Amino acid sequence: MTAEQVHALVEEFVRELHPDVSSVPTSADLAELGVDSLSFVDLLSALERRSGVEIPDDLLPRLTTVRDLMDHIASRAHA
């Protein structure tokens, strides 16, 4: 899964949660986009299923922006 595909998935997920969101910049903080802790777990689960990349629990506190997710998934998908 490429970084762009991760971004598209995150954008789709955020728009399902909050249809009024017009864009999801890569620098956006997930909490500011309205992704609470429960929806964060749902998002990570969807990313793991679609990408085949595991996201370790100890990494979760550092995944705060869309770019963080993009970088983690893309770097592991090509490894």
Side-chain angles (χ1 to χ4, degrees):
M1 179 173 253
T2 66
E4 292 78 19
Q5 290 170 319
V6 174
H7 182 245
L9 180 66
V10 172
E11 193 166 49
E12 177 184 327
F13 184 86
V14 169
R15 285 193 176 139
E16 285 179 18
L17 288 175
H18 305 287
D20 58 317
V21 172
S22 59
S23 68
V24 178
T26 60
S27 61
D29 185 276
L30 294 166
E32 291 174 5
L33 292 171
V35 178
D36 62 17
S37 58
L38 182 58
S39 54
F40 183 62
V41 170
D42 290 341
L43 173 59
L44 294 179
S45 178
L47 285 168
E48 286 180 331
R49 275 193 316 276
R50 287 209 149 143
S51 69
V53 172
E54 183 178 340
I55 302 171
D57 290 344
D58 63 329
L59 188 61
L60 300 183
R62 293 181 289 196
L63 299 175
T64 60
T65 68
V66 176
R67 171 60 65 195
D68 294 338
L69 291 172
M70 292 169 62
D71 290 346
H72 177 75
I73 299 293
S75 70
R76 300 309 184 279
H78 300 306

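Model, not experiment: these values are computed from the prediction.
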Next item on the list: Using a 4.5 Å cut-off on heavy atoms from C-beta on, say whether the side chain of Pro56 contacts that of His72.
Entry: yes
Check: Residues in side chain to side chain contact (heavy atoms under 4.5 Å, CB included) with Glu16, at least two apart?
Finding: Glu12
Checklist line | Closest contact, heavy atoms only, Ala3 versus Met70 | finding: O-CE, 3.4 Å
Next item on the list: Not counting sequence neighbours, list each pair that qualifies as a salt bridge (Lys or Arg N to Asp or Glu O under 4.0 Å) and has a residue in residues 50-73.
Entry: Arg67-Asp71
Distance-only criterion, 3.5 Å: show the donor-acceptor pairs between side-chain atoms of residues 20-29 and protein atoms not counting sequence neighbours.
residue	atom	partner	partner atom	Å
Asp29	OD1	Ala31	N	2.9
Asp29	OD1	Glu32	N	3.3

Item checked: Closest contact, heavy atoms only, Val66 versus His7 -> CG1-CD2, 3.5 Å
Next item on the list: Please identify each residue that fulfils side chain to side chain donor-acceptor pair (under 3.5 Å) with Glu48, with sequence neighbours left out.
Entry: none
Next item on the list: Evaluate the criterion side chain to side chain contact (heavy atoms under 4.5 Å, CB included) for residue pair Leu69 and Leu44; output intermediate values, then yes/no.
Entry: CA-CA 9 Å; Leu69 291 172; Leu44 294 179; 3.6 Å; yes
Next item on the list: Report the distance from atom CG of Leu43 to atom CG of Leu9, rounding to the nearest 0.5 Å.
Entry: 6.5 Å
Counting only pairs under 3.5 Å, give me each side-chain donor-acceptor contact of residues 34-41, with atom names and distances, residues two or more places apart or in other chains.
residue	atom	partner	partner atom	Å
Asp36	OD1	Leu38	N	3.3
Asp36	OD1	Ser39	N	2.8
Asp36	OD1	Ser39	OG	2.8
Ser39	OG	Asp36	N	2.9
Ser39	OG	Asp36	O	3.2

Check: Out of curiosity, Leu47 CG to Gln5 CD, how far, rounded to the nearest 0.5 Å?
Finding: 11.5 Å
